[in-house]
K.L.:
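Before anything else, here's the structure in question.
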Amino acid sequence: MLELISTVLSATEAWILAMAASPWIYPAMFAFATIDGFFPPLPSESVVITLTVSAHSTGTPWMWLVLLTAAAGAWVGDQIAYQIGRMIGTERVPFLRGPRGRRAVAWAERALTRRGASFILAARYVPIGRVAVNMTAGAVGYPRRRFAGIAAIAAVMWALYSAGIGLVAAQWLGHEPLLAIAIGVVFGVAMGFVVDKVVGWFSERHLDKKEAEAAEPAAERATVPPSDG
C-alpha cells in the first residue's frame with residue numbers, strides 16, 4: 001500500500017513539474033485542493049509544496065496565484081464535505097467507516113460542541129481529521145455561515161503553511177529541486193501527524209476537564225441529604 005502511494009505521489013509530482021510553466025497548472029491546483037477536501041487520499045499539500053519549490057527554483061509558476069487557487073480550492077472542498085455530511089451523514093462515507101474513521105468522527109462530534117472554531121482550524125492539518133470534522137459539522141447542523149467563515153480563514157492559513165514548507169526546503173536545497181520537493185513533502189506529512197497527536201492530546205485534556213466539571217455538581221447533589229419538609 002505504501003509503495004502504491006509513493007508511486008502515485010512520484011507520478012503526480014513529475015506531472016506537476018511538467019505543467020509548472022503552463023497556465024493550466026492553476027486550475028489543476030484548484031482541482032487538487034478541492035478534491036482533497038472530501039477525498040483525503042489525494043494530498044494537495046504535496047502539490048503546493050512542489051509548486052512552491054518550482055517557483056523558487058525556476059520562477060514558474062507564479063507563487064501568489066498558486067496560493068490563491070490553493071486556498072480557494074480548499075475552501076470549496078470544505079463546503080462540499082460539509083454538504084455531504086449534511087445530506088448523508090458520516091456513516092456512509094467509506095473511509096470514515098473503519099475504526100480510525102469512527103474515532104475521528106467521535107472526536108469531531110465532541111470537539112464541535114465545545115470549541116468548534118478552534119477545532120475546525122486545527123483539523124486542517126490532521127490526516128483524515130479535516131474531512132471528519134467538516135462532514136460532521138454538516139451532519140450535526142453546525143451553522144453554515146459560521147462554518148464558511150472559519151473554513152475561509154483555515155484555507156488561507158493552510159496555503160501559507162504549505163508554501164512555507166516548500167520555501168524552507170527550497171532555501172536549503174535550491175540547487176537540488178527534486179530533493180527539495182521530496183524532503184518538503186515528507187516534512188509536510190510528518191508535521192500533519194505531529195499536529196494530529198498534539199490536537200488529540202489537548203482535546204482529550206479539555207474534554208476530561210469538562211466532564212469532571214460537569215460531574216462535580218451531580219456528585220454534590222447526590223451527597224446532600226433530602227429535607228424533611
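All values below come from the heavy atoms of this structure, side chains included, with hydrogens, waters and symmetry mates left out.
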K.L.:
Evaluate the criterion side chain to side chain contact (heavy atoms under 4.5 Å, CB included) for residue pair Val131 and Phe39; output intermediate values, then yes/no.
P.N.:
CA-CA 8 Å; Val131 179; Phe39 186 68; over 6 Å; no
K.L.:
Can you name the closest pair of heavy atoms from Ala33 and Arg130 and give their distance?
P.N.:
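Closest approach of Ala33 to Arg130: O-NH2, 4.1 Å.
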K.L.:
If you measure from CD1 on Ile49 to CD on Glu45, what distance do you get to the nearest 0.5 Å?
P.N.:
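These two atoms lie 7.0 Å from each other.
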K.L.:
Starting from the C-alpha separation in whole Å, work towards a yes-or-no answer on side chain to side chain contact (heavy atoms under 4.5 Å, CB included) for Met135 and Arg86.
P.N.:
CA-CA 7 Å; Met135 287 189 177; Arg86 195 175 186 87; over 6 Å; no
K.L.:
If you look at every heavy atom in Trp158 and Ala70, which pair is closest and at what distance?
P.N.:
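Distance-wise, the nearest heavy atoms are CZ3-O, 3.5 Å.
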K.L.:
Checking Asp36 side chain against Phe32 main chain: does a donor-acceptor pair fall under 3.5 Å?
P.N.:
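No: the side chain of Asp36 does not pair with the backbone of Phe32.
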K.L.:
I need the Leu65 CG to Leu51 CG distance, nearest 0.5 Å.
P.N.:
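Between atom CG of Leu65 and atom CG of Leu51 there are 10.5 Å.
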K.L.:
If we ignore hydrogens and angles and just use 3.5 Å, is the side chain of Thr136 paired with the main-chain N or O of Gly85 as donor and acceptor?
P.N.:
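A pair under 3.5 Å: no.
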K.L.:
Got a donor-acceptor contact below 3.5 angstrom from the Trp75 side chain to the Ala148 backbone?
P.N.:
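Yes, the answer is positive, given that a donor and an acceptor are paired below the 3.5 Å cut-off.
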K.L.:
Identify the two heavy atoms, one from Tyr82 and one from Pro143, that lie closest to each other, and give their separation to 0.1 Å.
P.N.:
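Closest approach of Tyr82 to Pro143, heavy atoms only: OH-C, 4.0 Å.
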K.L.:
Look only at the side chain of Thr34 and the backbone of Gly73, and say whether a donor-acceptor pair between them is shorter than 3.5 Å.
P.N.:
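Checking the backbone N and O of Gly73 against the side chain of Thr34, a donor-acceptor pair under 3.5 Å is found.
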K.L.:
With side chain to side chain contact (heavy atoms under 4.5 Å, CB included) as the test, would you mind laying out the steps for Tyr161 and Val48 before giving the verdict?
P.N.:
CA-CA 10 Å; Tyr161 159 84; Val48 178; over 6 Å; no
K.L.:
Can you name the closest pair of heavy atoms from Ala163 and Leu67 and give their distance?
P.N.:
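Residues Ala163 and Leu67, closest heavy atoms: CB-CD2, 3.4 Å.
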K.L.:
I would like to know whether Met63 and Leu167 meet side chain to side chain contact (heavy atoms under 4.5 Å, CB included); could you show each step before the answer?
P.N.:
CA-CA 11 Å; Met63 193 168 68; Leu167 284 175; 4.1 Å; yes
K.L.:
So which of Ile25, Thr52, Thr69 actually passes side-chain contact (heavy atoms from CB on, under 4.5 Å) with Pro61?
P.N.:
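Among Ile25, Thr52, Thr69, the one meeting side-chain contact (heavy atoms from CB on, under 4.5 Å) with Pro61 is Ile25.
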K.L.:
Check whether any side-chain heavy atom of Asp78 lies under 4.5 Å from a side-chain heavy atom of Phe38, and answer yes or no.
P.N.:
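When only atoms from C-beta onward are counted, Phe38 and Asp78 do not touch, as no gap falls below 4.5 Å.
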K.L.:
Do you know the tightest heavy-atom contact between Val66 and Met29?
P.N.:
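The pair with the smallest heavy-atom distance is O-CG, 3.9 Å.
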